[in-house]
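Only a predicted model underlies this, so the values are computations on that prediction, with no experimental measurement involved.
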Amino acid sequence: MIKSNKTKIHKTTEEQIHKFWMQKALLLAKQASNKNEVPVGALIVHTKSNKLISQGFNLRETLQTPLGHAELLAIHRGSQKLNSWRLSEHTLYVTLEPCVMCCGAIFQSRLDRVIFGTFDPKGGATSLALPKHNHHTHFQGSILEKECKSILKDFFKNLRTKKKETP
């Protein structure tokens with residue numbers, strides 16, 4: 001906080017912005033969980049204006065398509081809203097590290113940044129950001145990592161419990 005005379009001016013840090021949007025992505029992940037979908041939420045924000053452009057949460061089971069990932073839905077909706085496949089100057093916030101398929105869509109859509117909550121040791125593919133690509137996306141993980149990891153662990157724990165109870 002910067003004090004100027006008698007007026008208090010609050011300076012919002014980049015970390016605070018990332019946490020704000022990740023909390024919104026977590027709310028989307030909870031919506032996915034309520035639909036018995038893997039709880040992943042994603043949203044696209046215009047980087048400079050900090051304005052929400054689009055959002056999505058996993059709908060793979062609901063839509064019965066492998067393309068029902070939160071990131072892909074947010075990217076598709078953002079492109080439709082902006083009437084452009086290019087999403088440069090935009091940031092994707094997602095609760096889980098994107099997979100190979102989603103990283104491909106991220107590169108193709110020219111997103112500048114991806115901020116994610118928790119790493120996915122089995123399916124995460126942010127290491128694919130190789131210098132040979134014609135577009136470079138900045139990836140940053142571990143934003144509200146504990147909360148993002150917790151919603152996934154709880155979901156899969158409940159799923160295993162349900163399977164044991166079903167004859």
Side-chain angles (χ1 to χ4, degrees), residues 1-2 10-60 66-78 87-160:
M1 181 167 41
I2 302 169
H10 294 279
K11 184 178 179 185
T12 305
T13 66
E14 190 173 32
E15 182 181 355
Q16 289 171 318
I17 292 169
H18 292 338
K19 285 180 178 180
F20 172 83
W21 289 116
M22 193 59 69
Q23 287 170 342
K24 301 292 184 193
L26 277 163
L27 291 174
L28 293 168
K30 287 177 185 173
Q31 287 182 31
S33 183
N34 291 339
K35 290 181 158 288
N36 294 315
E37 296 279 357
V38 175
V40 178
L43 36 89
I44 295 177
V45 175
H46 185 260
T47 306
K48 291 179 183 174
S49 70
N50 207 30
K51 179 183 172 191
L52 177 65
I53 302 302
S54 64
Q55 60 189 26
F57 55 83
N58 272 2
L59 288 173
R60 230 171 33 163
L67 304 176
H69 287 213
E71 302 95 311
L72 295 182
L73 295 170
I75 289 169
H76 178 74
R77 291 171 181 158
L87 296 176
S88 55
E89 299 183 9
H90 290 82
T91 300
L92 171 69
Y93 289 89
V94 61
T95 56
L96 181 64
E97 179 184 13
C99 70
V100 173
M101 176 177 64
C102 292
C103 280
I106 288 164
F107 295 137
Q108 290 298 316
S109 65
R110 308 296 195 261
L111 281 159
D112 287 341
R113 293 189 304 186
V114 175
I115 307 298
F116 62 93
T118 189
F119 285 88
D120 183 355
K122 293 181 181 177
T126 58
S127 62
L128 294 176
L130 302 172
K132 66 181 181 180
H133 289 136
N134 63 343
H135 173 75
H136 300 284
T137 300
H138 171 74
F139 290 91
Q140 179 182 343
S142 301
I143 303 296
L144 298 182
E145 182 173 22
K146 181 180 173 186
E147 295 88 337
C148 293
K149 191 180 285 189
S150 177
I151 193 171
L152 286 161
K153 281 186 174 185
D154 290 347
F155 175 81
F156 286 111
K157 181 180 176 183
N158 291 337
L159 191 63
R160 285 189 297 276

* Asked: If you look at every heavy atom in Ser33 and Pro39, which pair is closest and at what distance?
  -> CB-CB, 3.9 Å
* **Lys149 NZ to Leu144 CG distance, which is reported to the nearest 0.5 Å** => 13.0 Å
* Who passes side-chain contact (heavy atoms from CB on, under 4.5 Å) against Asp120, sequence neighbours left out? -> Leu96, Glu97, Lys122
* In chain order, what residues pass the side-chain contact (heavy atoms from CB on, under 4.5 Å) check against Ile17, with sequence neighbours excluded? -> Thr12, Trp21, Asn50, Tyr93
* How about Leu26 and Cys148: do any of their side-chain heavy atoms sit closer than 4.5 Å? -> yes
* Student check: side-chain heavy atoms of Leu73 and Arg77 closer than 4.5 Å -> yes
* Thr95 side chain to Ala25 main-chain N or O, any donor-acceptor pair under 3.5 Å? -> no
* Asked: Nearest 0.5 Å, what's the CD1-NE2 distance between Ile143 and His18?
  -> 5.5 Å
* Closest approach of Leu52 to Ser54 (non-hydrogen atoms, all atoms of both residues) -> CD1-O, 3.4 Å
* Give, for atom CD1 of Ile53 and atom CG of Leu92, the distance between the pair rounded to the nearest 0.5 Å. => 12.5 Å
* Structure fact -> Of all heavy-atom pairs linking Ile44 and Ala74, the shortest is CD1-O, 3.4 Å
* Closest approach of Gly56 and Leu28, non-hydrogen atoms and distance? -> O-CD1, 3.8 Å
* **Atom pair CD1 (Ile106) and NE2 (His90), whose distance is rounded to the nearest 0.5 Å** => 14.5 Å
* Donor-acceptor side-chain pairing of Arg113 and Thr91 below 3.5 angstrom -> yes
* To do: Measure the NE2-CG distance between His46 and Leu87 for me, rounded to the nearest 0.5 Å.
  => 10.5 Å
* Are the side chain of Ser142 and the backbone N or O of Glu145 linked by a donor-acceptor pair below 3.5 Å? -> no
* salt bridge (charged side-chain N to carboxylate O under 4.0 Å, His left out) partners of residues 17-45, not counting sequence neighbours, each pair once -> Glu15-Lys19
* Asked: Donor-acceptor pair, His69 side chain versus Leu67 backbone, under 3.5 Å?
  -> no
* **Distance (rounded to the nearest 0.5 Å) between Asn36 CG and Phe155 CZ** => 6.0 Å
* Structure fact -> Closest non-hydrogen atoms of Ala125 and Cys99, given as atom of the first, atom of the second and distance, are CB-C, 3.6 Å
* To do: For Asp112 and Glu89, indicate whether the former's side chain and the latter's backbone hold a donor-acceptor pair under 3.5 Å.
  => yes
